[in-house]
Amino acid sequence: MSRPNIRYPPKVTPTFKLINDARERLKNTKYKVMVLSGKGGVGKTFVSSMLALALATKGYKVAILDADIHGSSIPTMLGMIGERLYASEAGIEPATGPLGVKVVAINLMLETPDTPVVWRGPLVSKAITELLAKVNWGENDYLIIDLPPGTGDEAITIVQVIRDLDGAIVVTAPSILSEVIVAKAINFVLKNNVRLLGIVENMSYFKCPKSGDIYYLLGKSTGEELARKYGTKLLAKIPLDQYIGEALDKAVPYILAYPDGEAAKALMKLADEVDRMVREGKN
Ligand SMILES: Nc1ncnc2c1ncn2[C@@H]1O[C@H](COP(=O)(O)OP(=O)(O)O)[C@@H](O)[C@H]1O
Ligand SMILES: [Mg+2]
């Protein structure tokens, strides 16, 4: 196995050939779901990586693309240390994450994970298209795509290259449940004719493990109201859970290490709901 023969940073904007190759490569992936938000730090990477694992525990073949080029963090969230992408005759081979989830992230290609990526927009678009086009994705039930905050180059590239996205999930948290920020992400999804599966409200509340009392640490949630206002669903309310940080420190994926945790249960329900909606949307 050798290092992928791929030029980084790439030189030009994506060509039609590259875009077509990407579509061809993803032909045997049944369902494609992107995860986005108007803001950073709300838990997109947490939700997308745990959703991927939750779907894998249901027996699905799952792949995940970390499309956050500047802030690639899916490998860390999945507890993958020292993993790399390698080239084979068939292309770039995804790294194998927990439960056999295929993981593709720019951080798995850099010399060291702390190497900064200092590319401007066109290079970012090219890099994402190139990853989609050159990775040997194989056959999958699901591809989950984790996006950086906002609706910039990465999100635009994904909706343009993957024309058959099965849905989008907008992640938010009570503190940023400012309508304008959530609305930006929702409007981006709708304007690009992607099916909005719904909103996930992360960090909704904290349940004291001793007393069972509930605290709204980031503010009282209004996820239901927002979902109603934008004609969509509140897919899940995921609480704050101290074991998430602990799992990260131990480099183990939270949902596998603490399957009975409050947040883990909410994530499993989210996976059931997303799976149901996506499959019913297709059939
Ligand atoms: N429900 C939660 N409870 C506790 N910590 C959380 C929760 N959701 C996310 N986090 C933590 O918050 C930080 C930001 O989450 P992340 O998924 O990286 O956000 P984003 O991808 O939206 O920028 C991470 O350290 C993550 O582990
Ligand atoms: Mg992230």
Side-chain angles (χ1 to χ4, degrees), residues 33-54 64-81 97-98 103-108 113 116-117 124 128 144-155 158 168-178 181-182 184-186 188 199-209 214-219 221 223 234-271:
V33 175
M34 68 175 182
V35 178
L36 74 164
S37 78
K39 222 175 179 300
V42 295
K44 287 175 296 301
T45 302
F46 173 66
V47 169
S48 52
S49 55
M50 296 305 122
L51 173 64
L53 290 183
I64 188 160
L65 171 67
D66 183 346
D68 188 345
I69 298 292
H70 296 108
S72 173
S73 51
I74 287 282
T76 310
M77 202 61 91
L78 291 176
M80 296 166 71
I81 297 169
V103 182
V104 174
I106 205 80
N107 247 23
L108 300 173
V117 176
V124 167
I128 289 178
I144 306 295
I145 301 158
D146 179 38
L147 285 164
T151 51
D153 294 293
E154 295 85 344
I158 291 297
I169 296 171
V170 172
V171 180
T172 183
S175 59
I176 69 127
L177 279 178
S178 122
I181 289 170
V182 180
K184 272 190 217 279
I186 290 177
F188 173 83
I199 297 172
V200 169
E201 188 191 274
N202 188 29
M203 309 179 179
S204 287
Y205 59 89
F206 176 70
K207 188 170 167 188
C208 174
I214 290 193
Y215 298 91
Y216 296 96
L217 297 179
L218 300 185
S221 79
L234 181 62
L235 294 168
K237 274 173 173 268
I238 302 173
L240 282 156
D241 187 332
Q242 75 269 33
Y243 291 110
I244 293 168
E246 230 177 274
L248 266 175
D249 289 344
K250 289 187 194 152
V252 289
Y254 162 76
I255 202 170
L256 303 183
Y258 301 99
D260 296 325
E262 284 280 310
K265 285 189 238 161
L267 286 160
M268 283 307 296
K269 269 171 67 184
L270 170 69

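Just so you know, ligand 1 is whichever comes first in the structure, and atom 1 is the first atom listed for that ligand.
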Student: Can you check whether Asp241's main-chain N or O pairs, donor with acceptor, with Lys207's side chain at less than 3.5 Å?
Tutor: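 No; judged by distance alone, with no hydrogens or angles, the pair does not exist.
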Student: When rounded to the nearest 0.5 angstrom, what is the spacing between CG in Leu78 and CG in Leu248?
Tutor: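 Reported to 0.5 Å precision, the distance equals 10.0 Å.
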Student: Would you say Ser73 reaches the Mg ion (ligand 2) with an N/O/S atom under 2.8 Å?
Tutor: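 So Ser73 does not count as coordinating the Mg ion (ligand 2).
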Student: List the protein residues in contact with ligand 1, where contact means a heavy-atom separation under 4.0 angstrom.
Tutor: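 Within 4.0 Å of ligand 1, protein side: Gly40, Gly41, Val42, Gly43, Lys44, Thr45, Phe46, Met77, Asn202, Met203, Pro239, Leu240, Asp241, Ile244, Leu248.
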Student: Got a donor-acceptor contact below 3.5 angstrom from the Asp66 side chain to the Ser73 backbone?
Tutor: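 A pair under 3.5 Å: yes.
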Student: Of the non-hydrogen atoms in Ala251 and Ile81, which two are nearest, and what is the gap between them?
Tutor: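 Ala251 and Ile81 have their closest heavy atoms at CB-CD1, 3.6 Å.
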Student: Taking all atoms of both residues into account, what is the closest heavy-atom pair of Ala67 and Leu147, and its distance?
Tutor: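 It is CB-CD2, 3.9 Å.
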Student: Tyr243: which residues meet the ring-ring contact (aromatic ring centres under 6.0 Å, His included) condition with it, sequence neighbours left out?
Tutor: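 Expected list: Tyr258.
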